[in-house]
There are 2 protein chains.
Amino acid sequence: MGTTGIQTPTPTRMPSVERRELILAAATAVFGERGYAGATTAQVAKAADISQPYVVRMFGTKENLFLEAMDRALGKLLNAFRTLISEYDAGRMDSQVAALDPSLGETRAGHLRGLMGRAYADLIRDRGILLLLMQSFVSGHEPIIGPRARDAFLALFRLVRDEAGLGPQGASDFLAQGMLMNTLISLRMPEVFETNPLAGELLACTMKTKLDTVLAASQAHPRID
Amino acid sequence: MGTTGIQTPTPTRMPSVERRELILAAATAVFGERGYAGATTAQVAKAADISQPYVVRMFGTKENLFLEAMDRALGKLLNAFRTLISEYDAGRMDSQVAALDPSLGETRAGHLRGLMGRAYADLIRDRGILLLLMQSFVSGHEPIIGPRARDAFLALFRLVRDEAGLGPQGASDFLAQGMLMNTLISLRMPEVFETNPLAGELLACTMKTKLDTVLAASQAHPRID
DNA sequence: GTCTATAAAGGGATAGAC
DNA sequence: GTCTATCCCTTTATAGAC
């Protein structure tokens, strides 16, 4: 047989920094859905539209890929909160503050609590960030990932307690709300919002003014699986 | 070669109901630590001190084993709450109620909130129950387990909202506290309670009067891994 | 920078003996 | 009721070509 006309398609070349970010974004979505153990490097590769060995080649091991995705996710979350705190303190958020639930109180801490809650809900749009962190939080048994996840959680606690000024009890309460939101998203509760009244009420009470944001986000990214 | 004196040890025989419970308890601990995907049937077998094929033989599939362990865990949790509610309504818990944080209020709902919080902390001693449920809550993507986990969560919500009478918002807040507790246990935060002041304060604010119970439980069951 | 091919190990499930 | 042996598929990671 002679050579056919079929050509092996030339792979899309890309600077490695850019490629890394692409893979990390894919890994965030996949690990966020399936957890560290449940996800495969092949699934990440498919989501990033490259070959499986290349994923491993670039990050060394699956574990290391997870760790880097986790750092990236934590960085984005901390950064979102810090940016918001700066803007609040610079007096640049009066319109946002006006839209807050008045039951949060008129103090700086009360305002920031409301603003951070909203920022948190907005992050759901950034596919997988919060889910990946949640998956890391239930991986405490992993020898390397576990301690890093613990540190990540504590960094979050410190930020909310000190920089946002919620104090220890306020920070604990804030994080509790966050963990419930994560759980409901993980459980895909928004997908049954309309068909299950019980789920609807739970979501409404938990998400409050952020409900519309959360529902929109769940419609925005259809299943990867 | 002739036969040696070494005998194959006769396996310990046991009625299958008893054996099932033994395996389910082991599965609860193992799945609770490592999650559905992260745990192996061999690990469960080892924890139950039987052979791996026998685990599969008895439950059909790993997935089914997880589902049965999940049902058992949910049943224990719902049962603990229901028992407590009955006893409260029968007026048999005055001494317990007296020990509650007065900030919870003097209503039935306030009392039950405090009592259920304590009952929840006590369940940590029952190795893995709460962790297994938590692991199921982050498995929303699994085709069979996911919907079942959602139903489990909603059953819990309904119980707390209606039977305990906390109402929708009270139930959401209660569950949020529970999710944070689960997260901290998963992260093994109690293990660094003494060495990490930040972790210490987070635990104290979250666990409140239940702190001693939680710390004792984490010391009670040393690592399985 | 990216792929194909493949080695090596792990893990769920089945068969069949006792 | 329980075990040993084992099959076969999946998955991580490596080698080497382009």
Side-chain angles (χ1 to χ4, degrees), chain A residues 3-4 6-24 26-27 30-31 33-69 139 141-145 225, chain B residues 3-4 6-27 30-31 33-69 139 141-145 224-225:
Chain A
T3 57
T4 72
I6 299 172
Q7 305 286 320
T8 308
T10 307
T12 315
R13 290 176 70 89
M14 201 180 287
S16 74
V17 271
E18 201 173 322
R19 183 64 86 187
R20 282 181 70 85
E21 168 58 22
L22 214 62
I23 300 178
L24 283 175
V30 173
F31 282 131
E33 287 284 336
R34 319 180 90 95
Y36 171 60
T40 69
T41 55
Q43 288 163 346
V44 173
K46 186 171 181 192
D49 202 39
I50 56 175
S51 71
Q52 178 268 334
Y54 192 31
V55 171
V56 175
R57 177 62 87 90
M58 190 157 261
F59 291 89
T61 63
K62 174 181 165 178
E63 185 176 59
N64 195 56
L65 172 60
F66 187 90
L67 289 170
E68 295 209 31
S139 304
H141 68 98
E142 291 280 341
I144 310 293
I145 294 171
D225 329 313
Chain B
T3 59
T4 70
I6 299 172
Q7 305 287 320
T8 309
T10 308
T12 314
R13 290 176 71 88
M14 201 179 288
S16 76
V17 271
E18 201 173 321
R19 183 65 85 189
R20 282 180 70 86
E21 168 59 20
L22 214 62
I23 300 178
L24 284 175
V30 173
F31 282 131
E33 288 284 336
R34 319 181 88 96
Y36 173 60
T40 69
T41 54
Q43 288 163 347
V44 173
K46 186 171 180 192
D49 202 40
I50 55 173
S51 71
Q52 179 268 334
Y54 192 30
V55 171
V56 177
R57 176 63 85 93
M58 190 158 262
F59 290 89
T61 62
K62 174 182 166 179
E63 185 177 59
N64 194 55
L65 172 60
F66 186 89
L67 289 171
E68 295 209 30
S139 304
H141 68 98
E142 291 282 342
I144 310 293
I145 294 171
I224 279 194
D225 329 312

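Side chains included, hydrogens not; waters and symmetry mates left out as well; all remaining heavy atoms used. All values reported here derive from a predicted model rather than from experimental measurement. Below, chains carry the letters A, B, ... as their sequence lines are ordered, and counting in each starts from 1.
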Let me know the distance between [atom1] of [X] and [atom2] of [N], rounded to the nearest Å.
X	N	atom1	atom2	value
I23(A)	dC3(C)	CD1	P	9 Å
Y36(A)	dT11(D)	OH	P	14 Å
F59(B)	dT14(C)	CZ	P	16 Å
I50(A)	dC3(C)	CD1	C1'	11 Å
R34(B)	dG10(C)	CZ	C1'	13 Å
R13(A)	dG1(C)	CZ	P	7 Å
M14(A)	dG1(C)	CE	C1'	10 Å

Tell me what [X] touches on the nucleic acid: a base, only sugar-phosphate, or nothing, going by heavy atoms under 4.0 Å.
X	result
S51(A)	base
T10(A)	nothing
A39(A)	sugar-phosphate
M58(A)	nothing

When rounded to the nearest 0.5 angstrom, what distance separates [atom1] in [X] from [atom2] in [Y]?
X	Y	atom1	atom2	result
H141(B)	S139(B)	NE2	OG	5.0 Å
Y36(B)	I144(B)	OH	CD1	9.5 Å
E63(A)	L65(A)	CD	CG	10.5 Å
E68(B)	E21(B)	CD	CD	11.0 Å

Contact list for residues 44-56 of chain B, test side chain to side chain donor-acceptor pair (under 3.5 Å), sequence neighbours left out: T41(B)-Q52(B)
I50(A) and M58(A): CA distance, side-chain angles, deciding distance, side chain to side chain contact (heavy atoms under 4.5 Å, CB included) verdict: CA-CA 11 Å; I50(A) 56 175; M58(A) 190 157 261; over 6 Å; no
Under 3.5 Å donor-acceptor, Q43(B) side chain and T40(B) backbone: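 Side chain of Q43(B) to backbone of T40(B), a donor-acceptor pair under 3.5 Å: yes, one is there.
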Under 4.0 Å protein heavy-atom contact, by nucleotide of nucleotides 13-18 of chain D - B base, S sugar-phosphate only: BB-B--
OP1 or OP2 of dT2(D) under 4.0 Å from side-chain N/O of R19(B): yes
